[in-house]
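Reviewing the structure listed below.
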Amino acid sequence: MHIGVCKIRLRIPDSQSLKAKRRVVKSLIAKLKNRFNIAIAEVDALDTHQFAVLAAVSVSNDSAHLNKLISHVVNFVEANVDAELMDYETEFFF
(Lines give C-alpha, C1' and ligand atoms only; values in the text may rest on other atoms or scores of the structure.)
Protein backbone atom coordinates (compact mmCIF):
# COMPACT_ATOMS: atom_id res chain seq x y z
CA MET A 1 0.00 0.00 0.00
CA HIS A 2 1.34 3.44 -0.99
CA ILE A 3 0.04 6.76 0.35
CA GLY A 4 0.62 10.12 -1.32
CA VAL A 5 0.03 13.41 0.50
CA CYS A 6 0.23 16.83 -1.11
CA LYS A 7 -0.01 20.05 0.90
CA ILE A 8 -1.02 22.94 -1.38
CA ARG A 9 -0.70 26.61 -0.42
CA LEU A 10 -2.96 29.00 -2.34
CA ARG A 11 -3.33 32.76 -2.61
CA ILE A 12 -6.78 34.08 -3.50
CA PRO A 13 -6.13 37.70 -4.50
CA ASP A 14 -9.74 38.68 -5.29
CA SER A 15 -11.09 37.51 -1.94
CA GLN A 16 -12.15 40.31 0.38
CA SER A 17 -14.09 38.17 2.86
CA LEU A 18 -14.18 34.66 4.26
CA LYS A 19 -17.37 34.05 2.32
CA ALA A 20 -15.63 34.82 -0.98
CA LYS A 21 -12.69 32.64 0.01
CA ARG A 22 -14.95 29.71 0.93
CA ARG A 23 -16.69 29.95 -2.46
CA VAL A 24 -13.37 29.60 -4.30
CA VAL A 25 -12.03 26.86 -2.01
CA LYS A 26 -15.23 24.78 -2.05
CA SER A 27 -15.42 25.01 -5.83
CA LEU A 28 -11.80 23.91 -6.24
CA ILE A 29 -12.21 21.05 -3.75
CA ALA A 30 -15.32 19.79 -5.55
CA LYS A 31 -13.58 19.90 -8.93
CA LEU A 32 -10.55 17.99 -7.60
CA LYS A 33 -12.69 15.34 -5.89
CA ASN A 34 -14.76 14.75 -9.00
CA ARG A 35 -11.89 14.75 -11.46
CA PHE A 36 -9.23 12.80 -9.54
CA ASN A 37 -11.19 10.81 -6.91
CA ILE A 38 -8.96 11.98 -4.05
CA ALA A 39 -9.56 12.97 -0.45
CA ILE A 40 -8.99 16.70 -0.03
CA ALA A 41 -9.72 19.28 2.65
CA GLU A 42 -8.77 22.76 3.78
CA VAL A 43 -6.36 22.23 6.68
CA ASP A 44 -4.78 25.58 7.58
CA ALA A 45 -5.21 29.36 7.25
CA LEU A 46 -8.93 28.95 7.88
CA ASP A 47 -9.48 32.51 9.10
CA THR A 48 -7.41 34.44 6.56
CA HIS A 49 -9.17 36.07 3.62
CA GLN A 50 -6.62 35.61 0.86
CA PHE A 51 -4.78 32.41 1.74
CA ALA A 52 -5.76 28.74 1.93
CA VAL A 53 -3.91 25.52 2.60
CA LEU A 54 -5.32 22.30 1.19
CA ALA A 55 -4.20 18.72 1.79
CA ALA A 56 -4.85 16.09 -0.88
CA VAL A 57 -4.40 12.38 -0.13
CA SER A 58 -4.61 9.26 -2.24
CA VAL A 59 -3.89 5.58 -1.67
CA SER A 60 -2.73 3.18 -4.36
CA ASN A 61 -0.96 -0.12 -4.83
CA ASP A 62 1.28 1.40 -7.53
CA SER A 63 3.76 4.13 -6.55
CA ALA A 64 4.21 5.33 -10.16
CA HIS A 65 0.45 5.81 -10.54
CA LEU A 66 0.32 7.68 -7.24
CA ASN A 67 3.16 10.00 -8.22
CA LYS A 68 1.50 10.72 -11.56
CA LEU A 69 -1.86 11.41 -9.88
CA ILE A 70 -0.35 13.90 -7.43
CA SER A 71 1.44 15.64 -10.32
CA HIS A 72 -1.85 15.96 -12.22
CA VAL A 73 -3.53 17.41 -9.12
CA VAL A 74 -0.80 20.06 -8.77
CA ASN A 75 -0.99 20.92 -12.48
CA PHE A 76 -4.78 21.26 -12.26
CA VAL A 77 -4.52 23.59 -9.26
CA GLU A 78 -1.83 25.61 -11.02
CA ALA A 79 -4.12 26.10 -14.04
CA ASN A 80 -6.99 27.31 -11.82
CA VAL A 81 -7.82 30.96 -12.48
CA ASP A 82 -9.50 31.79 -9.14
CA ALA A 83 -6.55 30.94 -6.90
CA GLU A 84 -2.80 31.23 -7.35
CA LEU A 85 -0.60 28.27 -6.44
CA MET A 86 2.09 29.64 -4.12
CA ASP A 87 3.78 26.44 -2.99
CA TYR A 88 3.24 22.73 -2.54
CA GLU A 89 4.99 19.85 -0.89
CA THR A 90 4.48 16.15 -1.39
CA GLU A 91 5.20 13.15 0.79
CA PHE A 92 4.96 9.51 -0.10
CA PHE A 93 4.70 6.66 2.37
CA PHE A 94 5.58 3.21 1.05
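Between Asp44 and Phe51 there is no side-chain heavy-atom pair separated by less than 4.5 Å. In this structure, Leu28 and Phe76 have side chains that are in contact, with non-hydrogen atoms separated by less than 4.5 Å. Inter-residue side-chain proximity for Val5 and Thr90 is flagged as unmet; no heavy-atom pair is nearer than 4.5 Å. The shortest distance between side-chain heavy atoms of Met1 and Asn61 does not fall below 4.5 Å. By the 4.5 Å heavy-atom criterion applied to side chains, Phe36 and Leu69 are counted as neighbours. Side-chain atoms of Leu54 and Val43, non-hydrogen and from C-beta on, never get closer than 4.5 Å to each other. For the pair Leu32 and Val73, the minimum side-chain heavy-atom distance is below 4.5 Å. Ser58 is listed as a side-chain neighbour of Leu66, based on a closest heavy-atom distance under 4.5 Å.
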Test side-chain contact (heavy atoms from CB on, under 4.5 Å) applied to Leu10 and Val77, step by step
CA-CA 9 Å; Leu10 300 172; Val77 170; 3.5 Å; yes

Worked verdict on Phe92 versus Ile3 for side-chain contact (heavy atoms from CB on, under 4.5 Å):
CA-CA 6 Å; Phe92 296 97; Ile3 302 168; over 6 Å; no

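Interatomic distance, CD1 of Ile70 versus CD1 of Ile38, reported as 6.5 Å (0.5 Å rounding). Distance OG/Ser17 to NE2/His49: 7.0 Å, rounded to 0.5 Å. For the atom pair CD1 (Ile40) and CD1 (Ile8), the distance works out to 5.0 Å, reported to the nearest 0.5 Å. Between Ile12 atom CD1 and Lys21 atom NZ the span is 6.0 Å, to the nearest 0.5 Å. The structure places NZ of Lys31 at 6.0 Å from CG of Asp82, a figure rounded to the nearest 0.5 Å. Taking OH from Tyr88 and OG from Ser71, the interatomic distance works out to 7.0 Å, rounded to the nearest 0.5 Å.
Between Glu42 and Arg22, at least one side-chain nitrogen of the basic residue sits less than 4.0 Å from a carboxylate oxygen of the acidic one, meeting the salt-bridge criterion. By the 4.0 Å N-to-carboxylate-O rule, Arg9 lies too far from Glu84 to be salt-bridged with it. Salt bridge absent: Glu91 and Lys7 never bring a charged side-chain N and a carboxylate O closer than 4.0 Å.
At most 12 non-hydrogen atoms from other residues, nucleotides or ligands lie less than 6.0 angstrom from CG of Asn37.
Side chain of Asn34 to backbone of Ala30: a donor-acceptor contact under 3.5 angstrom is found. In terms of modelled atom types and a separation under 3.5 Å, the side chain of Thr48 and the main chain of Ala45 share a donor-acceptor contact. In this structure, the side chain of His2 does not engage the main chain of Phe94 through any donor-acceptor pair within 3.5 Å.
Val74 and Val57 are members of different hydrophobic clusters when ILVMFWY side chains are connected at heavy-atom separations under 4.5 Å.
Judged as a salt bridge (Lys or Arg N to Asp or Glu O under 4.0 Å), and not counting sequence neighbours, Arg23 has no contacts. With sequence neighbours excluded, no residue satisfies salt bridge (Lys or Arg N to Asp or Glu O under 4.0 Å) with Asp14.
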